Q: 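Sharing a structure, written as structure tokens. Questions coming.
Note that this is a predicted model, so its numbers are computed, not measured. Counting starts at 1 for both ligands and their atoms, in listed order. For the numbers below, each heavy atom of this structure counts, side chains included, while hydrogens, waters and symmetry mates do not.
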Amino acid sequence: MPTDTAESPRTSVLFVCLGNICRSPLAEAIFQQLVVEAGLEEKFDIESAGTGAWHVGERPDARAEMVANQHGVQLLSRARQLTDQDLEHFDFVIAMDRENLRGIERMADAIGSDAEVRLLRDFDSEGAGDDVPDPYYGGASGFESVYDMIHRSCKGLLDRLKSV
Ligand code: 4NP
């Protein structure tokens with residue numbers, strides 16, 4: 001991973017859901033695209049992970065990939081599980097829902113992590129503080145609404161982190 005320098009401190013952001021094949025890969029790719037569009041790619045390290053291990057090594061869910069592609073976003077991640085090292089390394093750990101948030105906070109407390117752990121939709125201009133619902137067991141329309149709320153929230157998050 002790139003290291004910070006005094007001239008160019010980087011902010012590291014990890015998006016976390018349950019399986020790391022639907023919501024957090026979308027958040028990772030959408031946030032990355034917003035960062036590139038803002039010309040800030042030198043300022044951020046962005047990854048995603050899941051609290052569960054069921055899908056480790058897999059590509060994102062085909063429905064997530066489809067909705068991303070429809071919006072001109074490519075999903076390049078492979079699923080991996082959240083580790084204690086993540087909570088030592090990342091500045092911001094962003095949970096998709098409250099269940100993820102609780103799991104992350106338990107791990108973070110156990111190791112005395114300094115990471116700022118937040119809910120993604122705390123940064124949503126509509127529905128701040130709500131969960132990004134798990135779309136895995138639903139249909140394609142669930143992925144479209146999840147895309148929209150993640151996109152809005154990532155915009156809000158970037159506005160917040162630009163000033164960090
Ligand atoms: P994600 O969705 O947490 O947004 O990646 C899920 C993916 C897989 C499962 C649950 C949620 N699963 O139970 O396998």
Side-chain angles (χ1 to χ4, degrees), residues 1 12-35 44-111 113 115-158 160-161:
M1 267 174 222
S12 54
V13 184
L14 181 69
F15 295 97
V16 178
C17 61
L18 179 59
N20 194 212
I21 56 169
C22 299
R23 293 165 292 175
S24 62
L26 281 168
E28 175 186 354
I30 291 167
F31 190 72
Q32 178 73 46
Q33 189 180 61
L34 292 169
V35 161
F44 288 95
D45 294 323
I46 305 158
E47 293 186 27
S48 66
T51 55
W54 308 283
H55 298 280
V56 166
E58 291 180 20
R59 294 190 39 72
D61 185 282
R63 297 163 297 174
E65 202 143 30
M66 185 177 297
V67 75
N69 292 345
Q70 283 164 355
H71 288 272
V73 173
Q74 260 196 302
L75 304 186
L76 302 171
S77 62
R78 291 270 176 181
R80 70 174 182 83
Q81 191 174 22
L82 180 68
T83 65
D84 286 347
Q85 288 72 30
D86 288 325
L87 296 169
E88 284 164 358
H89 168 76
F90 282 90
D91 300 314
F92 292 86
V93 180
I94 309 293
M96 298 299 118
D97 65 33
R98 283 184 177 72
E99 195 181 327
N100 310 146
L101 185 73
R102 276 194 294 273
I104 298 162
E105 284 176 342
R106 262 198 306 274
M107 283 175 70
D109 287 348
I111 62 162
S113 164
E116 184 166 342
V117 182
R118 297 289 299 271
L119 204 54
L120 179 65
R121 292 193 73 195
D122 282 350
F123 305 95
D124 188 351
S125 54
E126 300 169 32
D130 289 343
D131 289 344
V132 179
D134 183 348
Y136 186 66
Y137 293 105
S141 68
F143 279 80
E144 185 61 45
S145 70
V146 155
Y147 183 96
D148 290 343
M149 59 185 76
I150 291 176
H151 188 256
R152 276 196 316 270
S153 304
C154 281
K155 277 186 171 170
L157 177 63
L158 182 56
R160 159 76 164 65
L161 295 189

Q: Would you mind checking which non-hydrogen protein atom is closest to atom 13 (O) of ligand 1, with the distance to 0.1 Å?
A: Y137 OH, 3.3 Å
Q: Taking side-chain contact (heavy atoms from CB on, under 4.5 Å) as the test, write out the residues that go with R152, two or more places apart.
A: R121, D124, S125, E126, D148, M149
Q: Could you tell me whether some N/O pair between S24 and ligand 1 is separated by less than 3.5 angstrom?
A: no
Q: Which pairs count as side-chain hydrogen bond (donor to acceptor under 3.5 Å, both in side chains) when at least one residue sits in residues 14-24, sequence neighbours excluded?
A: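 Counting only pairs at least two positions apart or across chains, the side-chain hydrogen bond (donor to acceptor under 3.5 Å, both in side chains) contacts touching residues 14-24 are N20-S24, N20-S48, R23-D97.
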Q: Considering only heavy atoms, does F143 approach ligand 1 within less than 4.0 Å through its side chain, its backbone, both, or neither?
A: neither
Q: Give the numbers and elements of all ligand 1 atoms closer than 4.0 Å to a heavy atom of C22.
A: 1 (P), 2 (O), 4 (O), 5 (O)
Q: Which residue and non-hydrogen atom of the protein lie closest to atom 9 (C) of ligand 1, and at what distance in Å?
A: Y136 CD2, 3.6 Å
Q: Side chain, backbone, both or neither: which part of H55 comes within less than 4.0 Å of ligand 1 when only heavy atoms are counted?
A: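 Only the side chain of H55 comes within reach of ligand 1.
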Q: For a quick test of reading the model, state the closest non-hydrogen atom pair linking R63 to G138 and the distance between them.
A: NH1-O, 2.9 Å
Q: Among all protein heavy atoms, pick the one closest to atom 1 (P) of ligand 1 and tell me residue, atom and distance.
A: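 Going atom by atom, the protein heavy atom closest to atom 1 (P) of ligand 1 ends up being C17 SG, 3.5 Å.
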Q: Output the list of atoms in ligand 1 that are nearer than 4.0 Å to some heavy atom of D134, sorted by atom number.
A: 2 (O), 6 (C), 10 (C), 11 (C)
Q: Could you tell me whether the side chain of D131 and the main chain of R98 form a donor-acceptor pair under 3.5 Å?
A: yes
Q: Do F143 and D61 make a side-chain contact, defined as non-hydrogen atoms from C-beta onward lying under 4.5 Å apart?
A: yes
Q: For R80 and D86, run salt bridge (charged side-chain N to carboxylate O under 4.0 Å, His left out): C-alpha distance rounded to whole Å, both residues' side-chain angles, the deciding distance at 0.1 Å, then the answer.
A: CA-CA 11 Å; R80 70 174 182 83; D86 288 325; 2.8 Å; yes
Q: Which label fits Y136 and H55: parallel for a plane angle under 30°, tilted from 30 to 60°, or perpendicular past 60°?
A: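 Perpendicular, since the angle between the ring planes exceeds 60°.
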Q: I'd like to check whether L18 has a polar contact with ligand 1, where a contact means an N/O of the residue lying under 3.5 Å from an N/O of the ligand.
A: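 N/O-N/O distance below 3.5 Å exists for this pair.
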Q: For ligand 1, is any non-hydrogen atom under 4.0 Å from D61's backbone (N, CA, C, O), its side chain (CB onward), both, or neither?
A: neither
